[in-house]
Amino acid sequence: FFQDGLLAQIQSSEITRLPKSISVNLTDAAASNQWQINLRTSVKKPNAIGNVDEVKLANKIEKLLQQPTPSGNLNKTLGANPTIGKSFEGNALTSLTPADNSVAINKNGQIVAVNNFSMAVYDTNGNAQITPTTWNGILSPFSPALTRGKFDPRVLYDPHHDRFIFIILHAPVDTLRNSLVLGFSQTGDPTQGWNIYNLNGNPLKNDAWSDYPSMAINEHELFINCNLFGRPNQFPYRGTYIQQINLDEPYAGDPLQVRTWSGFSDTIFITLVPAPHGQMAATGDRHMNFVMTNPGQDTLVRLVTITDTMNAPGVAVLNSQYTVPAYSACADGYIKDPNSTSIDSISTGSSWVHNAFTLDSIVHFTFASNASGSCGINYGRIYLDQQTAEYVTYSEPGTDLAFPALASIGYDDKDKSAAIMYLRADTSILPEICVITVDDNKNFSGAQTVKTGDSIVDILTNQAERWGDYSGIARNYANPSTPEVWIYGCYAAYTDPLWTYGARKGYGNWIAQIKTNDGPVSVRNTPAKKQTARLYPNPATSMYFLDFELQKTSEVYI
């Protein structure tokens, strides 16, 4: 470990103001005649650091030689298995690949689900409050300014202000028209009005376009990270940047304040995933952590921290790095048509971070990497107090697990339990959605299949099928008696005819409620405010753990 302190090359722009472009009402947009552009995202995601293609090819050899025997990467399953609650079909994907699912839920149980094609609002029983509405239908008041392709949507819920936020990128690979479209709900009801802003997708003015956004909030600000790439066909990497946006102005529809952080070394930094408070507690924190793993291969995980709000004197960017066991990008997977001998390859992506959150001075994160030839999913922790980092791997020999999404599923900020949703496939398993949990001691539960695939994916030609860039997961911040998260992922499905010559073998999208079976333990004769004991897993079979704290040295009877 070492602490760089303030990165010498990091530059902060002056705070700029951008006026609101339009207001839209989702109810009106859903009812209007919608127009759409059919866009097939056949361009592979650029990965500039770590020679991802070469690493994936090298690991392909290991994959071909792999024997389906138990692997040391497969962790013991001591944690309590998660419970799948309500579960239903989400908005369809009729013309794009991959799905790029993202989801958020408010305190009233309204679920906003977005993918590369549309946005929809559901209640927790799966009833559509807003039927799937294309991005072009939502953003039609911008026409003709935003007539090019829309891609990489994300959505989150802000429980501090009872608002939703979405981001979607416009005009892929177009260095002149590329932009970041931001939407802020005007109330806690996402079916009503949204304030829409259109930000320049090349804030550094270096002949580039923004790709792969991620975003998070604290109580005060929104933080966005994007990567920059140059023109096709080489897509030279132009670096990464972070933008800070004060939340008060866009919620009110006023000109928003933006500060851009840039100058991150383009040979080291890419995809800085924000790690907000995992349970969105009102802590007053003014900083934001970001986590990075190398998309190709490395023995390091990096942490970047913006120390304060954009207007604070002395706000700075800090950088740390920690040594972890070696990891590398997975080889692409294989899927087989059950009705023929046809085998197709499917992209497992790279080994960069997919999701992260911070709780009790621990940064939790997920990424995928090679696990003895298969693709495994990794759960990592950075211990800020100890200045150390580690990760554990869950894998299934002969089967590929990819695009792991992470959320806290603990009872309080001392509970390190997390839920991980991921995609799963091999030549005998059609692409499907699964979930596991991990407990305080990094023990994985048994895997639960949320939605099985019912077809092969057959959209692209002469290249691996796009499986995804990320999966959707969100904690329910309404504090139900049992912690829960909601997930939104893609599975192989017979779909409405895609524009690709009538193909019907694409992706369906599924939403599900995931609860923990790891219950809290009561302690008799202990005031609630001092009740700090916790037993897990619960129920237990042959082993359990009891964590507790004492106010002073004393005898304890268990």
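- With values rounded to the nearest 0.5 angstrom, Ile167 atom CD1 is found 5.0 Å from Leu182 atom CG.
- Taking both residues in full, the closest heavy atoms of Val24 and Pro141 are given as CG1-CG, 4.0 Å, listed atom of the first, atom of the second, then distance.
- The aromatic ring centres of Tyr237 and Phe229 sit less than 6.0 Å apart.
- Here the side chain of Asn178 pairs no donor or acceptor atom with the backbone of Asp174 at under 3.5 angstrom.
- A donor-acceptor contact closer than 3.5 angstrom links the side chains of Asn91 and Ser118.
- Taking the six-membered ring for Trp, Phe164 and Tyr157 have ring centres closer than 6.0 Å.
- A donor atom on one side chain and an acceptor atom on the other are found under 3.5 Å apart for Asn115 and Tyr488.
- Minimum heavy-atom separation, Asn355 to Ala405: OD1-CA, 3.1 Å.
- You'll find the side chain of His161 reaches within 4.5 Å of the side chain of Leu247, heavy atoms only.
- A distance of 8.5 Å separates CG of Asn136 from NE2 of His170, quoted to the nearest 0.5 Å.
- Residues Ile459 and Val457 form a side-chain contact, since some pair of their non-hydrogen atoms from C-beta on lies under 4.5 Å apart.
- Note on ring orientation: taking the six-membered ring where Trp is involved, the planes of Tyr212 and Trp352 are tilted (angle from 30° to 60°).
- Under the 4.5 Å side-chain criterion, counting only non-hydrogen atoms from C-beta, Phe184 is in contact with Leu222.
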Evaluate the criterion side-chain contact (heavy atoms from CB on, under 4.5 Å) for residue pair Ile436 and Ile377; output intermediate values, then yes/no.
-> CA-CA 11 Å; Ile436 57 175; Ile377 56 174; 4.0 Å; yes
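- Atoms CG and SG, from Asn101 and Cys490 in turn, are 5.5 Å apart once rounded to the nearest 0.5 Å.
- In this structure the side chain of Cys226 reaches within 4.5 angstrom of the side chain of Pro213, judged on heavy atoms.
- For Phe88 and Tyr122, the distance between ring centers is under 6.0 angstrom.
- If you check the side chains of Asn378 and Thr366, you find no donor sitting under 3.5 Å from an acceptor.
- Between the side chains of Thr348 and Trp467, no donor-acceptor pair of N or O atoms lies under 3.5 Å.
- Checked by atom type, the side-chain pair Gln279/Asp413 shows no donor-acceptor distance below 3.5 Å.
- Salt-bridge annotation for Asp254 and Lys20: absent, with no side-chain N of the basic residue lying under 4.0 Å from a carboxylate O of the acidic one.
- At least one side-chain heavy atom of Asp211 sits under 4.5 Å from a side-chain heavy atom of Asp152.
- For Thr175 and Arg231, the side-chain atoms include at least one donor-acceptor pair closer than 3.5 Å.
- When every heavy atom of Ser455 is checked against every heavy atom of Gly506, the shortest pair comes out as OG-O, 4.4 Å.
- The two residues Arg424 and Cys434 have their closest heavy-atom pair at CD-SG, 3.5 Å.
- Of the residues listed (Ile346, Asp400, Thr452), the one engaging Pro431 in a side-chain contact (heavy atoms from CB on, under 4.5 Å) is Ile346, and it is the only one.
- Other residues, nucleotides and ligands place no more than 12 heavy atoms under 6.0 Å from the NZ atom of Lys515.
- The side-chain heavy atoms of Val485 and Gln513, taken from C-beta on, include no pair separated by under 4.5 Å.
- Using a 3.5 Å distance cut-off with no hydrogens or angles, the side chains of Asn246 and Glu221 do not pair a donor with an acceptor.
- Side-chain contact of Asp158 with Tyr251: a donor-acceptor pair under 3.5 Å is present, judged by distance alone.
- In summary, the side chains of Thr260 and Gln243 do present a donor paired with an acceptor at a separation below 3.5 Å, with no hydrogens or angles considered.
- For Thr309 and Asn311, the side-chain atoms include no donor-acceptor pair closer than 3.5 Å.
- The aromatic ring centres of Phe166 and Trp135 sit less than 6.0 Å apart.
- Taking every heavy atom of both residues into account, Glu432 and Gly453 meet most closely at CB-N, 3.7 Å.
- Applying ring-ring contact (aromatic ring centres under 6.0 Å, His included) to His354 and the options Tyr470, Tyr379, Phe365, Phe403 leaves one that passes, Phe403.
- Between the side chain of Thr240 and the backbone N or O of Phe269, no donor-acceptor pair lies under 3.5 Å.
- A donor-acceptor pair shorter than 3.5 Å can be found between the side chains of Asp285 and Thr283.
- Ring-centre distance between Phe357 and His277: not below the 6.0 Å cut-off.
- There is no side-chain donor-acceptor pair under 3.5 Å between Tyr411 and Ser417.
- Applying the ring-ring contact (aromatic ring centres under 6.0 Å, His included) criterion to His287, with sequence neighbours excluded, gives no partner residue.
- Interatomic distance, Trp486 CH2 to Ser87 OG, rounded to the nearest 0.5 Å: 8.5 Å.
- A donor-acceptor pair shorter than 3.5 Å cannot be found between the side chains of Thr187 and Gln192.
- Using a 3.5 Å distance cut-off with no hydrogens or angles, the side chains of Asn116 and Lys150 do not pair a donor with an acceptor.
- Taking OH from Tyr422 and CG from Leu401, the interatomic distance works out to 5.5 Å, rounded to the nearest 0.5 Å.
- Defined by atom type and a distance below 3.5 Å, a donor-acceptor pair is present between the side-chain atoms of Gln244 and Trp261.
- One distance of note links CG of Asn202 with CZ of Arg177; it measures 14.0 Å at 0.5 Å rounding.
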Stepwise, does the side-chain hydrogen bond (donor to acceptor under 3.5 Å, both in side chains) test hold for Thr271 with Asn225?
-> CA-CA 7 Å; Thr271 307; Asn225 172 242; 5.3 Å; no
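- Within the 4.5 Å cutoff, the side chain of Leu430 has no heavy atoms near those of the Tyr491 side chain.
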Full working for side-chain contact (heavy atoms from CB on, under 4.5 Å) between Gln110 and Asp123 = CA-CA 5 Å; Gln110 291 177 291; Asp123 65 22; over 6 Å; no
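- Evaluation of the salt bridge (Lys or Arg N to Asp or Glu O under 4.0 Å) test over residues 181-205, restricted to residues two or more places apart or in two chains, returns none.
- For Thr305 and Asn289, the side-chain atoms include at least one donor-acceptor pair closer than 3.5 Å.
- Contact check for Ile433 versus Thr449: no side-chain heavy atoms found under the 4.5 Å cut-off.
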